[in-house]
2 protein chains.
Amino acid sequence: MDEPARPQKRNAIRAQNEALILQAAEKVFAEAGFGGATMQLIADMAGLPKANLHYYFATKEDLYRRVVQNIFEIWLHAADCFDNAPGPVEAIGAYVDAKMEISRRHPNGSKVWASEVMHGAPVIQDYLETTLRDWTAGRAALIQNWIDEGRMDAVNPDHLLYMLWATTQHYADFGHQIETLNGGAPLSDAQWLAAKDSVKRILLKGIGAV
Amino acid sequence: MDEPARPQKRNAIRAQNEALILQAAEKVFAEAGFGGATMQLIADMAGLPKANLHYYFATKEDLYRRVVQNIFEIWLHAADCFDNAPGPVEAIGAYVDAKMEISRRHPNGSKVWASEVMHGAPVIQDYLETTLRDWTAGRAALIQNWIDEGRMDAVNPDHLLYMLWATTQHYADFGHQIETLNGGAPLSDAQWLAAKDSVKRILLKGIGAV
DNA sequence: TCTTTTCCTGACCGTATGGTCAATGTGAAG
DNA sequence: CTTCACATTGACCATACGGTCAGGAAAAGA
């Protein structure tokens, strides 16, 4: 194709390389953890010299922080369906679907997040205390409204949210275990559908949503 | 107390030091991951010189393997209540109680296990393929029996087990996140009880267990 | 074309890590 | 007391890691 000296080739190169590095970093951080990951490994996976990584990201921690923030954005965005629903069945059903889809398409991101939280959230503690806390309080209030309206059982909203997170993210974080128990093969399309249906059915019936 | 030249003081010393090291190692591996953990850190936490660790455990990987195996044993043992129960309500109720208690008392072990599985189970893959696979198949058959006897809904046994693992272990693996959302304080006795009840109530009702 | 800014990278550095070892201490057996 | 296996540890080593930098290539502006 023709590439007639684009006016903003610089910006394109930067954007492309940053995306390339972030993608490789997410995979390496997920597979090896922050401590086990090396800049050399990420560089090799991205097909770039190690020094080039430090040109775009000053330190390993900066790169890691960007990866974690990206995941957080995706998850927050996935919760939109929670708000635009008329009731608990639609909201929770759509939320489970969205989060299961993320677990399937973004397993590495989920693992990096899990690892970060398990290690005490050294780099995203402020996000937990602000954005996530606000988000959680908002959804808990929403759930409480549904309870007050008699549209579902009087369950503890916080623990319900934890169950939603736990069950959906488990398919990403423990995907290797599930795959092993599945005879070594990744879940098929049908099996993913069955997983989604199982989770939705048990949870929705469990909270008495009508 | 009197210590009149015990006949097996040697064995006692070995047992005590190994336990001390394993305990410190579990904590450090949980907080920093395998790659982030250092033998020096473990040694400091155990109050021993680093070289002494290598006297009892040849390599970092050996020490790590022992930690993971210990956790696996505890979890397998916790599943006994699953078998000695007359029906799904008692079995699953007792299993949730047992696993929640482990999450509370052994959060570091749970984190190490989660980390190991997330990174592709490099050191316990054989356990997954043998012991865990057998265990899972056995419980899935048990659940299927209950379904056939009409004692619970026809849910997919595998996905039900995944939900049990996910919801209970979440309280250990994501304990820091839960604590942050709880205003920075660990869950109180009452809150742990509420968590257990929430999980049991939603799951048991969700599978239509009577 | 010339200049400036951005991009790229091989070579290098200080440090921290996992692991070793020789020397020494310490219970127990004869 | 002597002997011997077990236990302890400071000092040491090779390696690998995160990060730096000088100098060159390539794009954008003049």
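Every heavy atom of this structure was used, including side-chain atoms; hydrogens, water molecules and symmetry mates were not. The chains referred to below are lettered A, B, ... by the order of the sequence lines, with proteins before strands, and numbering in each begins at 1.
When side chains are defined from C-beta on, K111(B) does not count as touching H119(A), because their heavy atoms never get closer than 4.5 Å. Using a 4.5 Å cut-off on side-chain heavy atoms (C-beta onward), L160(A) and I92(A) make contact. Looking at H54(A) and K60(A), their side chains never come closer than 4.5 Å, going by heavy atoms from C-beta outward. Using a 4.5 Å heavy-atom cutoff, the side chains of Q177(A) and T136(B) are not in contact. With a 4.5 Å cut-off on side-chain heavy atoms, M39(B) and F57(B) do not count as touching.
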Output side-chain donor-acceptor pairs under 3.5 Å for residues 61-68 of chain B, partner residues at least two apart or in another chain, one line each.
{"residue": "D62(B)", "atom": "OD1", "partner": "R65(B)", "partner atom": "NH1", "Å": "3.3"}
{"residue": "Y64(B)", "atom": "OH", "partner": "E116(B)", "partner atom": "OE1", "Å": "2.6"}

Quick one: side chains of residues 165-175 of chain A, donor-acceptor pairs under 3.5 Å with protein atoms, not counting sequence neighbours, listed by atom name and distance.
{"residue": "W165(A)", "atom": "NE1", "partner": "Y95(A)", "partner atom": "OH", "Å": "3.0"}
{"residue": "T167(A)", "atom": "OG1", "partner": "M163(A)", "partner atom": "O", "Å": "2.6"}
{"residue": "T167(A)", "atom": "OG1", "partner": "L164(A)", "partner atom": "O", "Å": "3.2"}
{"residue": "T168(A)", "atom": "OG1", "partner": "L164(A)", "partner atom": "O", "Å": "2.7"}
{"residue": "T168(A)", "atom": "OG1", "partner": "W165(A)", "partner atom": "O", "Å": "3.2"}
{"residue": "Q169(A)", "atom": "OE1", "partner": "K99(A)", "partner atom": "NZ", "Å": "2.6"}
{"residue": "Y171(A)", "atom": "OH", "partner": "H159(B)", "partner atom": "ND1", "Å": "2.7"}
{"residue": "D173(A)", "atom": "OD1", "partner": "S110(A)", "partner atom": "OG", "Å": "2.7"}

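Heavy atoms of other residues, nucleotides or ligands lying less than 6.0 angstrom from NZ of K27(A) number 12 at most.
Using a 4.0 Å heavy-atom cutoff across all strands shown, F57(B) reaches no nucleic acid atom at all.
Sorted by first and then second residue, the salt bridge (charged side-chain N to carboxylate O under 4.0 Å, His left out) pairs involving residues 178-190 of chain B (not counting sequence neighbours) are R104(B)-D189(B). Counting only residues at least two apart or on different chains, the side chain to side chain donor-acceptor pair (under 3.5 Å) pairs with a member in residues 30-47 of chain B are Q40(B)-D44(B).
Residues passing the salt bridge (Lys or Arg N to Asp or Glu O under 4.0 Å) test with D83(B), sequence neighbours excluded: R139(B). Taking the side-chain hydrogen bond (donor to acceptor under 3.5 Å, both in side chains) definition, one finds that T180(B) meets it with Q125(A), sequence neighbours left out. Every ring-ring contact (aromatic ring centres under 6.0 Å, His included) that Y127(A) has, sequence neighbours left out, goes to F72(A).
Looking at every heavy atom in both residues, T131(A) comes nearest to L76(A) through CG2-CD1, 3.5 Å. Minimum heavy-atom separation, G183(A) to R133(B): CA-NH2, 4.0 Å.
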Between protein and nucleotides 9-11 of chain D, what N or O pairs are separated by less than 3.5 Å?
{"residue": "dT9(D)", "atom": "OP2", "partner": "N52(B)", "partner atom": "ND2", "Å": "3.2"}

Show the distances under 3.5 angstrom between N or O atoms of the protein and N or O atoms of nucleotides 3-5 of chain D.
none

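Between dC6(D) and R14(B), no contact under 4.0 Å exists linking OP1 or OP2 to a side-chain N or O.
The separation between H54(B) atom NE2 and dG19(C) atom C1' is 5 Å, rounded to whole Å. Between K60(A) atom NZ and dG18(D) atom P there is a gap of 5 Å when expressed in whole angstrom units.
A heavy atom lying under 4.0 Å from DNA chain C marks none of the residues of residues 62-70 of chain B. Residues of residues 16-25 of chain A that place a heavy atom closer than 4.0 Å to DNA chain D do not occur. Of the residues in residues 34-45 of chain B, none has a non-hydrogen atom less than 4.0 angstrom from any atom of DNA chain D.
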